[in-house]
Amino acid sequence: MSNKWLRKTLIILLSVIMMVIAGREFLIWLNEKEPIVEGPGVTRVAKLSDYFADLKGTALDTNIYILEGEEDGGAVMVTAGVHTNELSGVMTNVILIENAHVEKGKVILIPFANNSAFTAGHPGEAYPMRYHIKTDWGSRWFRFGDRYTNPIHQWPDPEVYVHYPSGQSLSGFDIRNLNRTFPGKADGTITEKVGHAIMQVIEKENVDLFIDLHEAEPMYPVINTIVANQKAMDIAVIAEMNLSAFEGIKIGKEISPENLHGLTHREVGDHSRALSLLAETCDPIQDPLRGRTDEALIITGKDEFILKAAKLGLLYVPFDETGSHIDVRTGRHTSTVLEIISAFSELYPDKEIIVSDAPRYAEIIEKGVGYFLLKPRG
Amino acid sequence: MFLQTSIILGVIVVVYILALQLLKMSPELSMIISAFAGALVAGFGIPIRHIVEGSFAYLDIILTIVTATIFMNILEESKAISFIVKTVVTKFYKQRLVLLILLMLVLLLPGALTGAGSASVLISGGIVAMVLHSMGIPMVNVTAIVFLGAALSVVAPPVNIYAMIICGGVNMPYIGFFMPILIPTLILAIFTVIYLGWKGEPLELNAIIDKLPPVPAQMTGFKVYLPFIVLAILMVATRLLPHAFPILGIPLIFIISSVVALITVWLSGQKVNILLISKRTVKQLFPLIGTLVAVGIFVQILTLTGVRGLLVITVLSLPIWLVYIGLAVVLPVGEAILLYGIAAVLGVPLIFLFNSLGLNPILATVGIILICPLGDALPPTRIIGRLTVETVGYKDSYNNFLKACSVPWIVITIAGICLVIFANSFKFLLI
């Protein structure tokens, strides 16, 4: 065999070995889901496809955890994992699923809203596949994904994505971004179908209040804030004041831009009876100037390059050596959700929602997120 | 973290240079080997999942380039390009200015549609060079025109790979680029061809017509333009009827247009072997595909190890005047080393910086991408420079070719820097 053929054979062999090893990891990423423990407050577990049958059997179908009180009241839906690399919302949802009780009204939790986006990374971003949270009894793992629906489930992208129904032009790849495809479309792309399905849940479960949890990179201006549809601005104002006064959480509030379409805070508020809000925390792993991209960054949120950027005045949030730990981010989101529910209940007493046994910011900081994660069976 | 990441960067640079210079590896293999070394030093071992994931970063772009080049190669094989050149020459051989401009447009077309300068050189470069030389333009200037035309064709819309990579990196839609890219590209292309081609002799029509490849009698008029019409309709239809027209994706649009081109070939009584054209296309594009795969892996490892962050924060920390002046050198030199990778490695942080200074990111991006492709004539890679020299049959010294490029090169660079510095004053281009 000549040198040329030997070299070619070796390269092919090496490529096949790498494909097999990587393929195995991708397959695990695609199929394995983290265990979620149904806490004592969970009264029903439904699927998105129960509300919109087209999603049945697809990778985008996802669990909906419902916590109902003995007394009638209002209904709140909290979504996370619309962007699957923004994980503190997922943590907040899981903590509520595994710990909270609802005394009055109904709480509907969707921790993995874009289930497909949890099944792949974004080429070029080098995200870890998973992260682990330490608990007293061991550790729990969770998937870390992409901002967009996995192209295996939806491809190709158009050159320009025209939002339905507004007609607004967006970048082609945003057609796979769930937070650009609300209110969805029954006969649209699979991502648009998820948006449509969530709107169906809102309608069929008579949701009064909708909260979508996100995270943003420190160099992005919409961060550590509540974005509210104009109909929900009074709730945001009260929540902001109470978070600052009672828990020492500095959080901004802003109104959802009327002409920016496809986002939950705009479309859920405009296309349903629910009052819609979105909350953001500070997530260093999304920032392009971050250093080493690994699990430690996901958990601690510590990064020297971002710290340097803070000193150069390039960030939109305070950032110091302590970073932006997952406990802080989850604590902020959990308190924000509870405070928004309280503000809603105060403004609409006939639709009061009372949630108990849910930890707040200080408790989560003190005990850590892991303290509130239950041990899965088996 | 600064020291540790700087060491990793140092290792990557040293291994890259060693692989390229001592082991005489291609830039693509050197990039992959240096990425492996960087990951090892950073303590990630050989991160196979990241290597494979990174190799998929530009899959959509690769599919676009391959299908677009098949389309252009069918047109070349069907003599549609020859027909267009013959038509242009026959109609305008007495009007030197118009002829020069139209020949430059023919040169720009393949690169503009495919995003690859090699397409311009290979598909229309040879035939355009033949006409230009017949117009009494010295061979060194002809070579410079073809290279600079190819460099500008990479920038020209609709397919601009640099812009797509930068947009992906900064989370900005690839929307609104058409006119800001088209207008400067056309102005600079026209300047280039007039500057280098104005002096010469009148064209002998019969002599040049005899030299040009024969066009079949039935390959005329509507049949020549039909594939372009179908391409334009399909591209526009998805935008005009977004909820009624299926999402085809650009690669499928080019495939459908290629089928139409094949039908026109058949209608004109010719035969083309699509299998041979496809094989030739893949062979022709193999280096470019290799580059994009290697750059994808390289960028993934730079991100994983924190080197990307180090580069970004370093650029963001520099005095702004140094950044502006540095564009003239860093972008072409970076292009010569990293090829399209320059868009991800430096283009992205630069756009973050310019955006933070309040400069319009679309126009700043256009400024950057005007300068980058010039580096394709520089060592170590000289990819498009070498290809141009071979295609047009230039035999003189490579340095003389670079000298011939120098004035338009400087003008293009100044235009690019001005588009960045005065981005907000050029907002009228955002039509």
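By convention in this document, chain letters (A, B, ...) are assigned in the order of the sequence lines, proteins followed by strands, and residues within each chain are numbered from 1.
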With rounding to the nearest 0.5 Å, note down the distance linking [atom1] in [X] to [atom2] in [Y].
X: A/Met18; Y: B/Arg49; atom1: CE; atom2: CZ; result: 12.5 Å
X: B/Leu353; Y: A/Leu289; atom1: CG; atom2: CG; result: 11.5 Å
X: B/Glu53; Y: A/Trp29; atom1: CD; atom2: CH2; result: 5.0 Å
X: A/Leu314; Y: B/Phe352; atom1: CG; atom2: CZ; result: 11.5 Å

Stepwise, does the side chain to side chain contact (heavy atoms under 4.5 Å, CB included) test hold for B/Ile313 with A/Leu312?
CA-CA 10 Å; B/Ile313 194 67; A/Leu312 291 170; 4.2 Å; yes
Side chain, backbone, both or neither: which part of [X] has a non-hydrogen atom closer than 4.5 Å to chain B?
X: A/Tyr161; result: neither
X: A/Met219; result: side chain
X: A/Glu304; result: both
X: A/Thr189; result: side chain
X: A/Ile175; result: side chain
X: A/Asp187; result: neither

Residue [X] versus chain A: region with a heavy atom under 4.5 Å:
X: B/Ile51; result: side chain
X: B/Thr314; result: neither
X: B/His243; result: both
X: B/Leu304; result: both

Specify which of B/Ile48, B/Ile250, B/Leu63, B/Val52 makes the most heavy-atom pairs with chain A at under 4.5 Å.
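Result: the option with the highest number of such pairs is B/Ile48.
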Residue selection (most heavy-atom pairs with chain B, distance under 4.5 Å) from A/Ala22, A/Ala309, A/Ala120
A/Ala22
Look at A/Ile306, A/Asp303, A/Asp287 and state which one has the largest set of heavy-atom pairs under 4.5 Å with chain B.
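Max contact count across the listed options: A/Asp303.
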Step-by-step side chain to side chain contact (heavy atoms under 4.5 Å, CB included) determination, A/Phe305 to B/Val312
CA-CA 9 Å; A/Phe305 300 159; B/Val312 176; over 6 Å; no
Side chain to side chain contact (heavy atoms under 4.5 Å, CB included), that's the test. Do B/Ile247 and A/Asp157 meet it? Break it down for me.
CA-CA 7 Å; B/Ile247 298 165; A/Asp157 298 336; over 6 Å; no
Would one find more than 12 heavy atoms of other residues, nucleotides or ligands at under 6.0 Å from atom [atom1] of [X]?
X: B/Phe56; atom1: CZ; value: no
X: A/Tyr164; atom1: OH; value: no
X: A/Tyr220; atom1: OH; value: no

Closest heavy-atom pair, B/Ala57 versus A/Pro123, reported as atoms and distance to 0.1 Å, is CA-CB, 3.5 Å
State whether the side chain of B/Thr303 and the backbone N or O of A/Glu125 hold a donor-acceptor pair below 3.5 Å, judged by distance alone.
no
Can you find a pair of side-chain heavy atoms, one from A/Arg292 and one from B/Thr5, that are under 4.5 Å apart?
no
Full working for side chain to side chain contact (heavy atoms under 4.5 Å, CB included) between B/Asp60 and A/Trp155
CA-CA 10 Å; B/Asp60 281 359; A/Trp155 190 85; 3.0 Å; yes
